[in-house]
Amino acid sequence: INTTERNPGVRNFAVRALRTAGGESIGVLSDGPGSSVEAKLFSPRPGDPTVAVTTDRSGVRRPVLWRVDHDVRRTLDVGDLPGDVIPIDWSDDGRFLLLCHFWRASQQLFRYDLEADRIEPLDLPAGSYHDDLAGTSHFGPDGTILAATETFATPPAVYRRPPGGPTEVALASEAVPPGTPARSVDLPSSDGTLVQGWLATPESPGPHPTFIDLHGGPHWVQKDGYDPYEQRWVEHGFAYVGLNFRGSAKFGKAYQGQIWGGRG
């Protein structure tokens with residue numbers, strides 16, 4: 001479980017492992033009061049007490065494997081990727097992790113070979129592939145990756161990538177009226193901080209009245225995802241901006257924490 005017992009009043013977590021038979025604690029993983037460690041996945045191998053977690057000790061979230069019984073950690077080498085890298089699924093044979101890379105609210109999927117200690121990008125179209133509350137991209141039983149993606153202008157579709165094979169469409173959405181794509185923009189704030197947002201504009205010449213959408217949370221993120229409600233504003237002549245204000249997740253620990261104690 002993720003717990004704030006070591007950081008009361010602050011959303012910096014440690015991970016505590018409990019034995020389900022009896023409930024006793026068998027281990028705690030923490031990177032101190034200034035960092036957050038969060039549990040993501042159990043190893044699929046029977047009897048393997050390894051958990052995939054993330055830590056933001058470096059300022060962004062990075063994947064770590066924690067062997068609970070020996071309290072041993074293994075940091076995965078994801079190179080110089082900027083932004084967060086989060087494990088979202090583990091292959092049934094325990095060899096591969098599916099990683100989602102978040103940078104400026106854009107996503108890319110990678111496969112990590114735990115035996116070869118190597119990360120590889122997956123050949124998939126641009127879009128949003130993962131949501132923390134409803135993860136959709138995952139490994140199939142034979143190691144095939146099933147990736148559900150969407151964009152601001154296109155509803156979800158599922159892509160299949162078999163081991164060693166080409167990517168193909170596994171399930172397409174039904175036809176919908178054509179949508180207006182959104183592009184990522186960086187807006188300078190009053191103190192110079194760049195605030196990212198998704199901007200969609202009508203085809204007619206501007207200036208346009210503008211609808212600014214602020215997500216909830218506040219530690220959430222507006223992605224390049226499909227929503228007919230948002231498309232309706234553009235169809236009616238409005239510019240649409242989905243704003244990832246300071247406090248949004250997936251932009252690093254410092255950006256997320258700027259809203260703590262200073263809303264607005």
For [X], look at atom [atom1] and say whether over 12 heavy atoms of other residues, nucleotides or ligands are found less than 6.0 Å away.
X      : atom1 : result
Arg74  : CZ    : yes
Asp123 : CG    : no
Glu203 : CD    : no
Arg104 : CZ    : yes

Going by distance alone, is a donor N or O of one side chain under 3.5 Å from an acceptor N or O of the other, for [X] and [Y]?
X      : Y      : value
Asp117 : Tyr112 : yes
Ser248 : Gln256 : no
Thr144 : Arg160 : no
Gln196 : Asp186 : no
Arg111 : Ser91  : no
Gln107 : Tyr129 : no
Asp213 : Trp233 : no

Testing the basics here: between [X] and [Y], what is the closest heavy-atom pair and its distance to 0.1 Å?
X      : Y      : result
Val85  : Pro87  : O-CD, 4.2 Å
Glu38  : Ser36  : OE2-OG, 3.5 Å
Thr151 : Gly127 : CG2-CA, 4.0 Å
His219 : Ile259 : CE1-CG2, 3.9 Å
Val15  : Ala39  : CG2-N, 3.4 Å
Trp220 : His215 : O-CE1, 3.2 Å

Do side-chain atoms of [X] reach the backbone of [Y] as a donor and acceptor pair under 3.5 angstrom?
X      : Y      : result
Arg19  : Ile26  : no
His138 : Ala147 : no
Thr4   : Arg11  : no
His101 : Pro121 : no
Lys250 : Phe102 : no
His70  : Trp66  : no
Asp56  : Gly59  : no
Asp84  : Arg61  : yes

Shared hydrophobic cluster, [X] / [Y] (ILVMFWY, side-chain heavy atoms < 4.5 Å):
X      : Y      : answer
Trp90  : Leu76  : yes
Leu98  : Phe110 : no
Ile1   : Val68  : no
Phe13  : Val221 : no
Leu214 : Leu187 : yes

Atom [atom1] in [X], atom [atom2] in [Y]: separation rounded to 0.5 Å?
X      : Y      : atom1 : atom2 : value
Phe211 : His236 : CZ    : NE2   : 13.0 Å
Tyr159 : Leu122 : OH    : CG    : 14.0 Å
Asn12  : Thr3   : CG    : OG1   : 12.0 Å
Leu109 : Ile88  : CG    : CD1   : 5.0 Å
Gln222 : Phe152 : CD    : CZ    : 8.0 Å
Glu5   : Ser30  : CD    : OG    : 9.0 Å

Check: [Y] and [X] side chains under 4.5 Å, non-hydrogen atoms:
X      : Y      : answer
Trp103 : Leu81  : no
Trp198 : Asp224 : yes
Leu18  : Thr20  : no
Thr154 : Tyr226 : no
Leu243 : Val195 : yes
Val185 : Arg183 : yes
Pro49  : Phe42  : no
Asp48  : Arg67  : yes

Derivation of the side-chain contact (heavy atoms from CB on, under 4.5 Å) call for Leu29 and Val53: CA-CA 9 Å; Leu29 185 65; Val53 307; 3.9 Å; yes
Step-by-step side-chain contact (heavy atoms from CB on, under 4.5 Å) determination, Ser137 to His130: CA-CA 6 Å; Ser137 300; His130 177 71; 5.6 Å; no
Working for side-chain contact (heavy atoms from CB on, under 4.5 Å), residues Lys40 and Ile86: CA-CA 8 Å; Lys40 294 298 176 184; Ile86 300 170; 4.1 Å; yes
side-chain contact (heavy atoms from CB on, under 4.5 Å) between Val28 and Arg6, worked out: CA-CA 10 Å; Val28 177; Arg6 298 188 171 205; 3.6 Å; yes
Residue of the set Val51, Thr55, Val37, Thr50 for which side-chain contact (heavy atoms from CB on, under 4.5 Å) holds with Arg73: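 By the side-chain contact (heavy atoms from CB on, under 4.5 Å) criterion, Arg73 pairs with just one of Val51, Thr55, Val37, Thr50: Thr55.
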With Ile119, the side-chain contact (heavy atoms from CB on, under 4.5 Å) member among Leu97, Leu99, Asp77: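 For Ile119, the side-chain contact (heavy atoms from CB on, under 4.5 Å) check succeeds only for Leu99.
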